[in-house]
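Below you'll find the structure, written out as structure tokens, and then a few comments.
Predicted model only: the values in this text are computed from it and were never measured.
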Amino acid sequence: MIDEKKNGRRFAKESDRIRRAREKLLARWNEESKLISPEALSEIKEKIKNQYHRNTGIRTRVTEVDKPLRLFAQGEGVQVSASSKVKAVLERVKQEFQQNKEAMDRHLGVPPVA
């Protein structure tokens, strides 16, 4: 069963199953190395360029439109009224802000605005 002797050590003979698996892995690695070659990379670069240039017409048509593109409707055509609680909180925040601003102005010596 012992077949090879390397560096003073004995190794068992490689089984057929292991040999087939090793050959299959080597074949896969060779296929992958073909995909990563400089020629393959330049081919992919050209494909990307062609795809980009093919779609530039779409981008220019969209940007030439007079209406600006927006992600959200920004409330256009939608009338949503704030609830009374929200309005009350907003008014309270505005009042507190005004009071704090007046106090800071007095502290810094800024004349009051009429």
Side-chain angles (χ1 to χ4, degrees):
M1 189 86 184
I2 295 177
D3 185 60
E4 299 178 22
K5 194 173 186 181
K6 292 182 183 176
N7 296 334
R9 297 179 66 187
R10 292 182 173 184
F11 292 97
K13 182 181 175 186
E14 183 178 63
S15 69
D16 290 336
R17 193 175 195 183
I18 298 294
R19 182 183 48 77
R20 283 193 307 259
R22 183 175 44 80
E23 288 172 356
K24 191 185 273 187
L25 279 175
L26 288 174
R28 280 187 189 171
W29 286 342
N30 290 335
E31 288 296 319
E32 287 178 4
S33 67
K34 290 177 188 175
L35 294 175
I36 303 176
S37 69
E39 296 84 19
L41 290 176
S42 64
E43 182 180 331
I44 294 216
K45 282 181 191 178
E46 287 300 317
K47 285 182 181 179
I48 291 172
K49 282 182 189 178
N50 291 339
Q51 191 76 10
Y52 177 80
H53 291 302
R54 190 178 329 150
N55 292 325
T56 53
I58 295 170
R59 283 194 298 278
T60 54
R61 283 195 304 261
V62 169
T63 55
E64 289 174 358
V65 176
D66 293 336
K67 280 177 79 174
L69 296 175
R70 295 185 200 154
L71 185 59
F72 299 105
Q74 298 177 352
E76 293 176 4
V78 179
Q79 296 295 327
V80 178
S81 60
S83 69
S84 59
K85 290 181 180 179
V86 172
K87 288 180 183 178
V89 170
L90 182 61
E91 286 301 319
R92 194 173 338 131
V93 168
K94 284 181 181 179
Q95 288 173 357
E96 289 177 8
F97 180 76
Q98 188 63 30
Q99 289 172 355
N100 290 338
K101 185 175 183 311
E102 291 170 358
M104 283 299 292
D105 288 346
R106 279 194 306 263
H107 175 73
L108 295 174
V110 177
V113 178

Spacing of CG belonging to D105 relative to CD belonging to E102, to within rounding of 0.5 Å:
8.0 Å
Is a salt bridge present between R19 and E23, judged by a nitrogen-to-oxygen distance below 4.0 Å?
yes
Reported CE-to-NZ distance for the pair M104 and K101, which is rounded to 0.5 angstrom
10.5 Å
Output the distance between atom OG (S84) and atom CD (E91), rounded to the nearest 0.5 Å.
12.5 Å
Side chain proximity check, R28 to E31, heavy atoms < 4.5 angstrom
no
Of all heavy-atom pairs linking I36 and L41, the shortest is O-CD1, 3.9 Å
If we only count heavy atoms from C-beta on, is the Q51 to K47 side-chain gap below 4.5 Å?
no
Looking at D16 and R20, is there a salt bridge between them, counting it only when a charged N and a carboxylate O are closer than 4.0 Å?
no
